[in-house]
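Within every chain, numbering begins at 1; the chains are lettered A, B, ... in the order of the sequence lines, protein sequences first and strands thereafter. Note that these values count all heavy atoms, side chains included, but never hydrogens, waters or copies made by symmetry.
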There are 2 protein chains.
Amino acid sequence: MEIEKEIKQNKFKDEIHKLMINQLFTGKWITNLIAKQLKPFKLTNQQYNVLRILRGQGKNYISVNAISGRMIDKMSNVSRLIDKLVDKKLVVRKVNREDRRQADIAISQKGLDLVNSIEKTEPELKSNFNSLSEGEAKQLNMLLDKLRS
Amino acid sequence: MEIEKEIKQNKFKDEIHKLMINQLFTGKWITNLIAKQLKPFKLTNQQYNVLRILRGQGKNYISVNAISGRMIDKMSNVSRLIDKLVDKKLVVRKVNREDRRQADIAISQKGLDLVNSIEKTEPELKSNFNSLSEGEAKQLNMLLDKLRS
DNA sequence: ATACATTATTTGTATCTACATATATTTGCT
DNA sequence: AGCAAATATATGTAGATACAAATAATGTAT
């Protein structure tokens, strides 16, 4: 649906104003789709983001700081996210020997299994994105990068 | 910056996966820009969204439900948002005479003055969006609408 | 070696989000 | 009229967000 109808606003001041709102709305739309995907697994979007980052490191340990730098939402409070994941035994935390300020985190086998079973549901998530061709997706990626530049 | 660098991920599974993340990241980027704009006025993004919706109605009263339907984030808890705005005397709430379940809300003069003074800072916000031409902004809007369709 | 700045993480607080449930009122059916 | 379903809003909760401040360990300059 056109953004005008989604939020019942028939006119925008200008194209940039419309773009801001369209962008916010679409971001929210995707966030909600992912939240729905994760709900049966009782993970939040941010927890899943952390798990995928850790899986990307194999089973190596990386610091909280390094995780923050890789997150989509840089403002997430990674300390407390990790607390939750440790409680669920999906990740392991240990103090770094060389720098005792630093907490090093790795994904556990249980965490790995969970991420892998969530990935099996990816086709359903992807099915929401069939409306764009590969070329259009590329163009959209390019324009988004340019928007922020 | 390219999304790959923003989140330190050098490769995505496919263009759609990259698009999801790029979209989430860009949405967050805009959200943060607006939050920064609003900070001196001690308003949150959602409170501002409600005030602008109400201003769009002149000083007429509209229901909580009608406000929800016009919000960018449909999942906001409008009841509690309104509570905060009533506390700040930026809006007025009254019970609808014909349907006593319904709460009708309107913006106050104080609220109107606040929105108007925030609007004076729009140029600074807009300056973050100079990288796109009018045509590119239009194309981006079109692609975003198509993405959700 | 000691003091000061810097860095890494954690904690505290207020607000927001998502969702389930509760309350109050109105509508529709018989 | 009387009662169940629907509607409008409010409340409860667990978790997330944004930001400030606290804690702890390390680096550095003299």
Does any N or O in the side chain of [X] come within less than 3.5 Å of the main-chain N or O of [Y], such that one atom is a donor and the other an acceptor?
| X | Y | value |
| --- | --- | --- |
| A:Lys110 | A:Lys88 | yes |
| B:Asn45 | B:Thr31 | yes |
| B:Ser63 | B:Ala103 | no |

Partner residues of B:Glu136 under the side chain to side chain contact (heavy atoms under 4.5 Å, CB included) criterion, sequence neighbours left out: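 A:Leu143, A:Lys146, B:Leu132, B:Ser133.
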
Over how many whole Å does the gap from [X] atom [atom1] to [N] atom [atom2] extend?
| X | N | atom1 | atom2 | answer |
| --- | --- | --- | --- | --- |
| A:Arg100 | C:dA8 | CZ | C1' | 13 Å |
| A:Asp83 | C:dT11 | CG | C1' | 10 Å |
| A:Ile82 | C:dT9 | CD1 | C1' | 11 Å |
| A:Glu98 | C:dA8 | CD | P | 14 Å |

So the contacted stretch of DNA chain D, first to last nucleotide with an atom under 4.0 Å from a non-hydrogen atom of chain A, runs from D:dG15 to D:dT26

Are there any protein N/O atoms within less than 3.5 Å of an N/O atom in nucleotides 15-19 of chain C, and if so, which ones and at what distance?
residue	atom	partner	partner atom	Å
C:dC16	OP1	B:Thr44	OG1	2.6
C:dC16	OP1	B:Gln47	NE2	3.1
C:dT17	OP1	B:Gln46	NE2	2.5
C:dT17	OP1	B:Asp73	OD2	3.3
C:dT17	OP2	B:Ser76	OG	3.0
C:dA18	OP1	A:Asn32	OD1	3.4
C:dA18	OP2	B:Asp73	OD1	3.4
C:dA18	N6	B:Arg80	NH2	3.4

Starting from the C-alpha separation in whole Å, work towards a yes-or-no answer on side chain to side chain contact (heavy atoms under 4.5 Å, CB included) for B:Phe129 and B:Leu33. CA-CA 11 Å; B:Phe129 298 87; B:Leu33 288 176; 4.2 Å; yes

Flag yes if more than 12 heavy atoms outside B:Lys89 fall under 6.0 Å of its NZ atom; otherwise flag no.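 Counting other residues, nucleotides and ligands, NZ of B:Lys89 stays at 12 neighbours or fewer.
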
A:Gln109 atom CD, over 12 foreign heavy atoms within 6.0 Å: yes

Hydrophobic cluster membership, with links at side-chain heavy-atom distances under 4.5 Å among I/L/V/M/F/W/Y: are B:Val50 and B:Leu112 in one? yes

Between protein and nucleic acid, restricted to nucleotides 2-7 of chain C and to nitrogen or oxygen atoms under 3.5 Å apart, what atom pairs and distances do you find?
residue	atom	partner	partner atom	Å
C:dT7	O2	A:Arg101	NH1	2.6

Contact nearer the 5' end of DNA chain D, comparing A:Leu43 with B:Asp99: B:Asp99

In residues 56-64 of chain A, what residues come within less than 4.0 Å of DNA chain C, judged by heavy atoms?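 Of all residues in residues 56-64 of chain A, the ones placing a heavy atom under 4.0 Å from DNA chain C are A:Ser63, A:Val64.
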
Taking only residues two or more places apart in sequence or in another chain, which ones pass ring-ring contact (aromatic ring centres under 6.0 Å, His included) with A:Tyr61? none

Looking at B:Leu43, B:Thr121, B:Asn128, which hits side-chain contact (heavy atoms from CB on, under 4.5 Å) with B:Gln37? B:Thr121

side-chain contact (heavy atoms from CB on, under 4.5 Å) with B:Ser117: which of B:Asp113, B:Leu114, B:Val115?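 One option only clears the test, and that one is B:Leu114.
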
Test: A:Glu6 and A:Lys28 ion pair at under 4.0 Å: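 No, A:Glu6 and A:Lys28 are not salt-bridged.
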
Looking only at the side chains, is there a donor atom on one of A:Asp73 and A:Gln46 sitting less than 3.5 Å from an acceptor on the other?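 Side chains of A:Asp73 and A:Gln46: no pair found under 3.5 Å.
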
